[in-house]
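In what follows, every heavy atom counts, from backbone to side chain, and hydrogens, waters and symmetry copies are set aside. Computed from a prediction, not measured in an experiment: that's the story for all the values here.
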Amino acid sequence: MRTYLVGLSLITLCLFSGNLRGELFDQSRAAGPSPVPILLYHSVSGDQGDPLKIEPARFEEQMTYLMNEGYHSITFNELREGWYNGRALPPKPIIITFDDGYEDNYSAAYPILLRTGMKATIFAVTGSIGAPGRLTWNQLHTMESSGLVDTQSHTVTHFNLTKLSDEEKMKELVNSRNEIQHKLGHPADVFAYPYGFYDRRSIDAVQKAGYQLAVITEPGAADVKQGRFKLHRILITGDLTLDQFKGAITEL
C-alpha cells in the first residue's frame, strides 16, 4: 500500500511539475521577446561643455565594460530577425548607435570599436557627408568593411519631419535611403527621426518609404510592444559616470 501511495505521489508531482513548466513556457511565450537596450551617442570628442560629446577615454571605458560583462552588440537586422522571425539573439544583446555622422566616429570611436569588438550603427545625415567635421563616404566604407559598423538613415538635411509636407518628407526619406544604397551598396532599412520628433504622418511616411524599423529618443530599452517605428533609445551623455552608465543600461 505504501509503495502504491509513493508511486501515486510521484506521478502527481511529475504531472504538477510538467503543468507548471508548461504554464511558465506559455507565459514566457506570451510575454514576447525581451527588451533590448539601444544606446544613443553622438560625438566622441575631448571637447568640454557639450553633453552630447563624450571623451574617448570614457567611451572606451564603457565599451570595455560591456565587453567584459558579456554584452553582445548586435545590428538592427539581427534584432529584427530575433524579434520577428524567431531567430535566437545572443545573451545580453545591446545595440550601439551614433546620430548625425561626426568625423570623430571614425577617428576616435572606430579604433575603440576595433579594440573591443563592439558593433555600432551610424545614422548618417547624407547631405552632410563630406562636410567639415563630418564623415566621408570613404570613411564609412572603411568602417563597414570591418564588419563592425553599419550605416543607416537620418534624412538628407536633418530637418524636423513633422514640419514638412508629405512630399518633402518622402524626399528626405527616400533620397537618403537611395544615397546609402548607391554609395555603400546595401539598403538602409532603419531610420532615426531628426531630434527624435515624430507624429502619425511621419511614421506613415517612414513605413511608406520602405524602412523596416525606426528609433526615437524617448528613454528606456527598446521593446517589441513599442512597435517597429517607435523604438526607444538610451541617451548616453558625456557626464555619465561608469556607475551611472551601468544603471542606465540595466533599468529595463
Side-chain angles (χ1 to χ4, degrees), residues 38-48 50-64 66-67 72-79 94-159 171-196 209 211-215 217 233 235-238:
I38 302 176
L39 308 187
L40 168 54
Y41 293 92
H42 288 80
S43 172
V44 179
S45 168
D47 294 344
Q48 301 293 320
D50 186 342
L52 297 184
K53 294 182 178 182
I54 180 171
E55 293 182 0
R58 183 162 291 189
F59 178 70
E60 182 157 19
E61 180 183 48
Q62 293 171 358
M63 294 302 102
T64 301
L66 295 177
M67 176 185 67
H72 291 83
S73 54
I74 63 173
T75 64
F76 282 95
N77 184 59
E78 290 172 307
L79 178 72
I94 195 166
I95 298 179
I96 298 162
T97 69
F98 293 89
D99 276 12
D100 301 335
Y102 293 102
E103 192 279 335
D104 56 48
N105 293 176
Y106 175 79
S107 60
Y110 179 52
I112 295 168
L113 297 176
L114 287 174
R115 287 196 289 272
T116 57
M118 303 302 287
K119 298 177 183 177
T121 295
I122 295 176
F123 287 107
V125 179
T126 57
S128 297
I129 293 176
R134 297 298 180 109
L135 291 165
T136 67
W137 288 110
N138 284 339
Q139 289 171 332
L140 286 166
H141 185 270
T142 297
M143 289 189 287
E144 288 202 347
S145 297
S146 70
L148 294 177
V149 175
D150 179 40
T151 306
Q152 297 294 330
S153 173
H154 202 31
T155 71
V156 177
T157 66
H158 201 263
F159 203 88
K171 285 182 180 179
E172 290 281 345
L173 294 165
V174 173
N175 290 352
S176 62
R177 191 166 188 254
N178 289 345
E179 186 76 351
I180 291 170
Q181 174 76 64
H182 175 68
K183 295 290 189 179
L184 297 175
H186 66 78
D189 292 332
V190 190
F191 179 73
Y193 300 92
Y195 312 104
Y211 293 92
Q212 301 297 310
L213 300 171
V215 294
T217 56
R233 288 190 289 174
L235 176 63
I236 306 300
T237 55

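Between the side chain of N175 and the backbone N or O of T155 there is no donor-acceptor pair closer than 3.5 Å. Side chain of R177 to backbone of A188: a donor-acceptor contact under 3.5 angstrom is found. Under a 3.5 Å cut-off, the side chain of T97 and the backbone N or O of L39 do form a donor-acceptor pair.
From D150, atom CG reaches atom CG of L184 across 9.0 Å, with rounding to the nearest 0.5 Å. Atom CD1 of residue I112 and atom CD of residue E61 lie 11.0 Å apart, to the nearest 0.5 angstrom. Atoms CG and NZ, from N138 and K183 in turn, are 9.5 Å apart once rounded to the nearest 0.5 Å. Here I96 contributes atom CD1 and S73 contributes atom OG; the two are 5.0 Å apart, rounded to the nearest 0.5 Å. Rounding to the nearest 0.5 angstrom, the gap separating the CG atom in L140 from the CG atom in L135 is 5.0 Å. In this structure, CG in D47 is found 8.5 Å from CG in D104, a value given to the nearest 0.5 Å.
Between the side chains of E172 and T157, a donor-acceptor pair is found at a separation under 3.5 Å. For the residue pair S176/T126, the side-chain donor-acceptor check at 3.5 Å is not satisfied. For the residue pair D100 / Y102, a side-chain donor-acceptor distance below 3.5 Å is found, with atom types taken as modelled.
Ring geometry for F191 against Y211 counts as tilted: the plane angle lies between 30° and 60°, on a 0 to 90° scale.
Two residues are said to be in side-chain contact when any heavy atoms from C-beta on lie closer than 4.5 Å; V125 and F159 fail this criterion. In this structure, the side chains of D99 and L40 come closer than 4.5 Å at one or more pairs of heavy atoms. Between N77 and D189 there is no side-chain heavy-atom pair separated by less than 4.5 Å. In this structure, F98 and V44 have side chains that are in contact, with non-hydrogen atoms separated by less than 4.5 Å. Side-chain contact between D50 and S43: absent, with no pair of heavy atoms (C-beta onward) separated by less than 4.5 Å. Inter-residue side-chain proximity for T217 and R233 is flagged as met; some heavy-atom pair is nearer than 4.5 Å. Side-chain contact between I180 and H186: present, with at least one pair of heavy atoms (C-beta onward) separated by less than 4.5 Å.
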Legend entry - Residues I54, Q62; criterion side chain to side chain contact (heavy atoms under 4.5 Å, CB included); working and verdict: CA-CA 11 Å; I54 180 171; Q62 293 171 358; 3.5 Å; yes
Inset, instruction - Please lay out, stage by stage, how L52 and L235 fare under the test side chain to side chain contact (heavy atoms under 4.5 Å, CB included). - result: CA-CA 9 Å; L52 297 184; L235 176 63; 4.1 Å; yes
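Each of E144, H154, M143, Q139 was checked for a side-chain contact (heavy atoms from CB on, under 4.5 Å) with I122, and the lone residue meeting it is M143.
The list of ring pair (Phe, Tyr, Trp, His ring centres under 6.0 Å) pairs with a residue in residues 112-145, not counting sequence neighbours, reads F76-F123.
Considering all non-hydrogen atoms of both residues, G46 and P56 come closest at N-CD, 3.9 Å.
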